[in-house]
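These notes concern the structure reproduced below.
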Amino acid sequence: MCGRPECQKQRRAEYHRQRIAADPEYGEVVRDSRRKWRQSHADYQQQYRHSHPAAVERNRQLQRARDARRRAQFLVKNNLALDLKRCSAEAWLIGPAARDLVKNNLASCQMFIFQPLAAPMSAPPAS
């Protein structure tokens with residue numbers, strides 16, 4: 001066992017989580033304590049958001065990603081909107097939502113499409 005403060009903090013947190021899961025009475029006391037704190041500090045979230053604009057923006061970005069993942073869950077086996085077979089280019093879905101798609105050729109996500117440069121075509125011979 002490590003005696004460093006960060007290790008002790010981690011051990012205490014793990015014990016606390018296990019105790020909440022195993023002991024319903026202890027869990028109820030913890031929930032009641034949290035509820036009382038929220039009631040006595042009702043404006044805490046508003047003050048925090050006002051004083052931490054970077055955290056607010058980070059949360060907005062993360063929420064957009066969560067929303068995109070949630071929307072991507074409903075796109076499984078969706079192949080009705082685009083006919084990629086008629087396109088000679090290769091399309092690659094790149095991004096965190098791509099792993100959630102199964103047999104799907106339509107996804108609302110950011111993507112990059114790279115194509116090799118074709119050799120310049122020579123002019124047809126004059127006749």
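Judged as a side-chain contact (heavy atoms from CB on, under 4.5 Å), and not counting sequence neighbours, the contacts of Arg35 are Glu28, Asp32, Arg38, Gln39. Checked against side-chain contact (heavy atoms from CB on, under 4.5 Å), Gln8 has the following partners two or more places apart in sequence or in another chain: Arg11, Arg12. Partners of Arg60 by salt bridge (charged side-chain N to carboxylate O under 4.0 Å, His left out), not counting sequence neighbours, listed by chain and number: Glu57. A search for side-chain contact (heavy atoms from CB on, under 4.5 Å) contacts involving Glu14 returns Arg17, Gln18, not counting sequence neighbours. Under the side chain to side chain donor-acceptor pair (under 3.5 Å) criterion, Asp67 pairs with Gln63, Arg70, sequence neighbours left out. Applying the side-chain contact (heavy atoms from CB on, under 4.5 Å) test to Asp23 and every residue at least two apart in sequence or in another chain returns Arg19, Glu25, Tyr26.
Heavy-atom contacts from other residues, nucleotides or ligands closer than 6.0 Å to CD of Glu6 number more than 12.
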Legend entry - Working for side chain to side chain contact (heavy atoms under 4.5 Å, CB included), residues Asn59 and Arg49: CA-CA 10 Å; Asn59 186 52; Arg49 284 191 294 269; over 6 Å; no

Legend entry - Intermediate values then yes/no, side chain to side chain contact (heavy atoms under 4.5 Å, CB included), Gln61 and Arg58: CA-CA 5 Å; Gln61 295 296 326; Arg58 179 178 180 273; 5.8 Å; no

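Note: the hydrophobic cluster containing Tyr48 also contains Trp37 (ILVMFWY, side chain heavy atoms under 4.5 Å, direct or indirect links).
Distance check: Gln47 CD to His50 NE2 gives 9.0 Å after rounding to the nearest 0.5 Å.
Taking each heavy atom of Ala22 and Pro24 in turn, the nearest pair found is O-CD, 3.5 Å.
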